[in-house]
Number of protein chains: 2
Amino acid sequence: MTAEPLDRPARRHDPERRQRIVEAAIGVIAEHGVAGTTHRLVAAAADVPLGSMTYHFTGLDDLLAQAFAVHAERMAVTYEAHFADVRSRDDVVEAVTDLVHGHAGADDRDWAVSYELYLAALRDPALRTVTETWMRRSRSVLEQFVDATTARGVDGLIEGLVMHKVLSTGPVSRAETHEIIARAVRPTTEGAAQ
Amino acid sequence: MTAEPLDRPARRHDPERRQRIVEAAIGVIAEHGVAGTTHRLVAAAADVPLGSMTYHFTGLDDLLAQAFAVHAERMAVTYEAHFADVRSRDDVVEAVTDLVHGHAGADDRDWAVSYELYLAALRDPALRTVTETWMRRSRSVLEQFVDATTARGVDGLIEGLVMHKVLSTGPVSRAETHEIIARAVRPTTEGAAQ
DNA sequence: CATCGCTGTGTACGGTCGTACACATGCCCG
DNA sequence: CGGGCATGTGTACGACCGTACACAGCGATG
């Protein structure tokens, strides 16, 4: 019985194939790392023939670059959305704490891909534009609520705390994270006081 | 001591070969990343025959693990030495700022290896002990001068700021870094004051 | 000094990779 | 309705990888 007349021989002309391949690539990166990402693995994950890889992309570097670009864009959007309802300084602290503890849109898997991107960008200047844009955007979000210097501090803090949390085997105290963030956010440029 | 009669045909029995291979491996990781680290490349860098690789190490994983262990140990020693003369809280701020800006014993290359380690540890639990030990030691150093929570904050801050600095194409303001660190270090557990 | 055994090495094998490219396929136009 | 052509794919090639392993060379031993 043929429910679908077109089925076996070849899936001709599906226009979203490129995107599906890129999505599959992100998944493969998350699971196997950049080092373990191969044409064949991505092709299998996207359920497309191997030949599609070189047809749609000039090479593996091209595919990786596009995958990272999509991932970074998605992370930036998630990041911005996470701070959409923030009003007060206390909200910032809360939002950042949630971010670090994975209660925003991003999970450990997403962060792993981000770190793959960082490391890849360290060696491939072509990826710097992606990381550069991503960092500028994340900092811009924070600068809506705090001064530029504090924004850089909090941004760096997020990066480091998340990395340590991801690598840590034991649990990480949320209250402590909250306290740390609060200290970083508190003072503006003018002297302490409280 | 004689002037070394052994030279041409084969370098038999040099007892530090293992160590030299490990050192070469660290260099290769720094230059090509874990993904680009191969037996042949390391062998060439250490100027030993390919056969020595499987003779001295059970496999590539073993070699990488040992290389990372040595690197982490060296980083920890550097870290501790860098804080040896620290006395006051202001000294801490100064020391951390220097650390972030590469004026301690560690340069960008060393940090790159560290990030390779982090990412590798993310996927290989066997490397977790190395990262775990390294993080415990670095935090212990800071805890000599500040409370545990602050230590975790500063530790994370260092990680994030260095990563951002390494990835940043433009210059990073040292004064700003100093300011950020100072904020993170200032208050102990008791209420603000200044 | 002859022999044995162990330390160390050259080489080869099976496997996987990226990539190119000849060819099948279905659409469109005349 | 039939042929030309752009789109898409199966397959094969050369390169490089990790690893095993038969063997070469030296030092110790009797």
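Quick note on labels: first sequence line is chain A, next is B, and so on, each numbered from 1.
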*Asks:* Measure the acute angle between the ring planes of A:Tyr115 and A:Tyr118, then classify it against the limits of 30° and 60° as parallel, tilted or perpendicular.
*Replies:* perpendicular
*Asks:* Nearest 0.5 Å please: distance from the OG atom of B:Ser114 over to the CD1 atom of B:Ile29.
*Replies:* 10.5 Å
*Asks:* Return the value, rounded to whole Å, for the distance between atom CZ of B:Arg17 and atom P of C:dT7.
*Replies:* 14 Å
*Asks:* Going by atom types alone, do B:Thr177 and A:Arg152 pair a side-chain donor with an acceptor below 3.5 Å?
*Replies:* yes
*Asks:* Could you give the distance from OG1 (A:Thr58) to CG (A:Leu63), rounded to the nearest 0.5 Å?
*Replies:* 9.5 Å
*Asks:* Establish, from distance only, whether the side-chain atoms of B:Glu176 and A:Thr149 form a donor-acceptor pair under 3.5 Å.
*Replies:* yes
*Asks:* D:dT9 C1' sits how many Å from A:Ile21 CD1, rounded?
*Replies:* 12 Å
*Asks:* Check for me whether A:Arg74 meets the cation-pi criterion with A:Tyr79, that is, NZ or CZ under 6.0 Å from the six-membered ring centre and within 45 degrees of the ring axis.
*Replies:* no
*Asks:* Taking only heavy atoms on the protein side, list every residue of residues 33-40 of chain A lying under 4.0 Å from any atom of DNA chain C, sorted numerically.
*Replies:* A:Thr37, A:Thr38, A:His39, A:Arg40
*Asks:* So, taking the atom named OG1 in A:Thr97 and the one named NE2 in A:His178, what distance separates them when rounded to the nearest 0.5 Å?
*Replies:* 4.5 Å
*Asks:* Please report the distance, rounded to the nearest Å, between CG in A:Leu50 and C1' in C:dA20.
*Replies:* 11 Å
*Asks:* Without hydrogens or angle criteria, can the side chains of B:Ser52 and B:Arg17 be said to hold a donor-acceptor pair below 3.5 Å?
*Replies:* yes
*Asks:* In this structure, how many angstroms lie between the P atom of D:dC17 and the CG atom of B:Leu41, rounded?
*Replies:* 7 Å
*Asks:* For DNA chain D, what residues of residues 56-70 of chain B have any heavy atom nearer than 4.0 Å?
*Replies:* B:Gly59, B:Leu60
*Asks:* Can you check the B:Met53 CE to C:dG8 P distance for me, whole Å?
*Replies:* 13 Å
*Asks:* Rounded off to whole Å, could you give me the CG-to-C1' distance for the A:Asp47 and D:dT9 pair?
*Replies:* 14 Å
*Asks:* Nearest to the B:Ser52 side chain among C:dT19, C:dT9, D:dT19, which nucleotide is it?
*Replies:* C:dT9
